[in-house]
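As structure tokens, the structure follows; a few thoughts come after it.
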Amino acid sequence: MPDMPRQAHPRRLHPLAADFFDRPADTVARDLLGAWLVVRGADGRLRRHVVFETEAYLGGHDLACHGSKGMTARNAAMFGPAGRWYVYLCYGMHWMLNIVTGAEGLPAAVLIRGVGEHVGPGRVTKALGINRSFDGRPASRRVGLWLEPGGGRVPPRLVERTPRIGVGYAGAWAEKPLRFVVDPARLSTINNKGRPQP
DNA sequence: GCAGTGATCATA
DNA sequence: ATGATCACTGCC
């Protein structure tokens, strides 16, 4: 029997690396829409969740950014090189997952606020079992938590920009449109070209 | 609408 | 040592 028309073979995806993250946080936040957050479970199995909501924290000049008050034990990872995780505990209960962006010494990062069917940054980390142990570590297969490219750039008309959530203390910075959202339902169509995993 | 929750950091 | 703060969530 001749070959069946083959389903596109799942592209062997390489994790997004430092060069992707070594750009302004708002650019990275925008471009992460449609990317995959991949986590290796305790059983060794990989789970993929498509990123649909992010927020950019631009650096020391951004009053909503933890780095704006200088380096502390908590936010040290933000000052490190791009492509590492910055994870911290919020309200004593919720782990917040960020990927560090930009040059070493610039405290910038992107908060991952929504992936797959998980809405809200605290829910994302809870669902994926992410905690402090990832803080400061490179986003890589070795660590067991990384990001991979999606099926293509999400069209601008599908990207909604709003002010960031929960940063009312930041004055004018609270109003900057640095939150990026795309409807996950639209994403699944786009990403089927790049092959999702159930 | 607001209580829960506890690490973190500035102040002392 | 103490107290304010907090990039949130869940239940009232």
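Only a predicted model underlies this, so the values are computations on that prediction, with no experimental measurement involved. So you know, we letter chains A, B, ... as the sequences are listed, proteins then strands, and number each from 1.
Rounded to whole Å, atom P of C:dT5 lies 19 Å from atom CG of A:N75. If you measure from atom CG of A:N98 to atom C1' of C:dA7, you get 8 Å, rounded to the nearest angstrom. At whole-Å resolution of the value, OH in A:Y57 and P in C:dC6 are 12 Å apart. Atom CG of A:D135 and atom P of C:dA7 are 15 Å apart (whole Å). The NE2 atom of A:H118 sits 18 Å away from the P atom of C:dC8 (whole-angstrom rounding). Spacing between atom CG of A:L178 and atom P of C:dA7 amounts to 15 Å, rounded to whole angstrom units. Rounded to whole Å, the distance from CG on A:D62 to P on C:dA7 is 12 Å. Between the NE2 atom of A:H66 and the C1' atom of B:dT8 there is a distance of 10 Å, rounded to whole Å.
Of the nucleotides present, C:dG3 is the one that pairs with B:dC9 by Watson-Crick or G-U wobble criteria, both distances under 3.5 Å. In this structure, C:dT9 and B:dA3 make a Watson-Crick or G-U wobble pair, each of the two defining distances being under 3.5 angstrom.
Among the nucleotides C:dG10, C:dC8, C:dA7, the one closest to any side-chain atom of A:I165 is C:dC8. For A:Y91, counting side-chain heavy atoms from C-beta on, the closest listed nucleotide (B:dA10, B:dT5, B:dA7) is B:dT5. Distance from the side chain of A:R113 is smallest to C:dA7 among B:dA10, B:dG4, C:dA7. The listed nucleotides are C:dC8, B:dC9, C:dG10; the one nearest the side chain of A:R74 is B:dC9.
A donor-acceptor pair under 3.5 Å links the side-chain atoms of A:E55 to the main chain of A:I165, judged by distance alone. A donor-acceptor contact shorter than 3.5 Å links the side chain of A:R164 to the backbone of A:A56. One N or O on the side chain of A:N75 and one on the backbone of A:G70 form a donor-acceptor pair closer than 3.5 Å.
A close approach under 4.0 Å does occur between a side-chain nitrogen or oxygen of A:R123 and OP1 or OP2 of C:dG10. Not one side-chain nitrogen or oxygen of A:T72 sits closer than 4.0 Å to the OP1 or OP2 atom of B:dT8.
The shortest side-chain heavy-atom distance between A:D135 and A:W85 does not fall under the 4.5 Å cut-off.
Among the protein residues, A:M78 comes within range of the nucleic acid bases, having at least one heavy atom under 4.0 Å from a base atom. Residue-level contact check: A:R164 touches neither bases nor backbone, having no heavy atom under 4.0 Å from any strand. Contact annotation for A:A73: backbone-only contact, meaning every heavy-atom pair under 4.0 Å involves sugar-phosphate atoms and none involves a base. Among the protein residues, A:M96 comes within range of the sugar-phosphate backbone only, with heavy atoms under 4.0 Å from sugar or phosphate atoms but none that close to a base. At the heavy-atom level, A:R132 lies under 4.0 Å from the strands shown only through sugar-phosphate atoms.
The side-chain tip of A:R23 points at the ring of A:F20 from less than 6.0 angstrom away and within 45° of straight on.
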Kindly determine whether A:W146 and A:L46 satisfy side-chain contact (heavy atoms from CB on, under 4.5 Å), including the steps that lead there. CA-CA 11 Å; A:W146 67 93; A:L46 300 187; 3.7 Å; yes
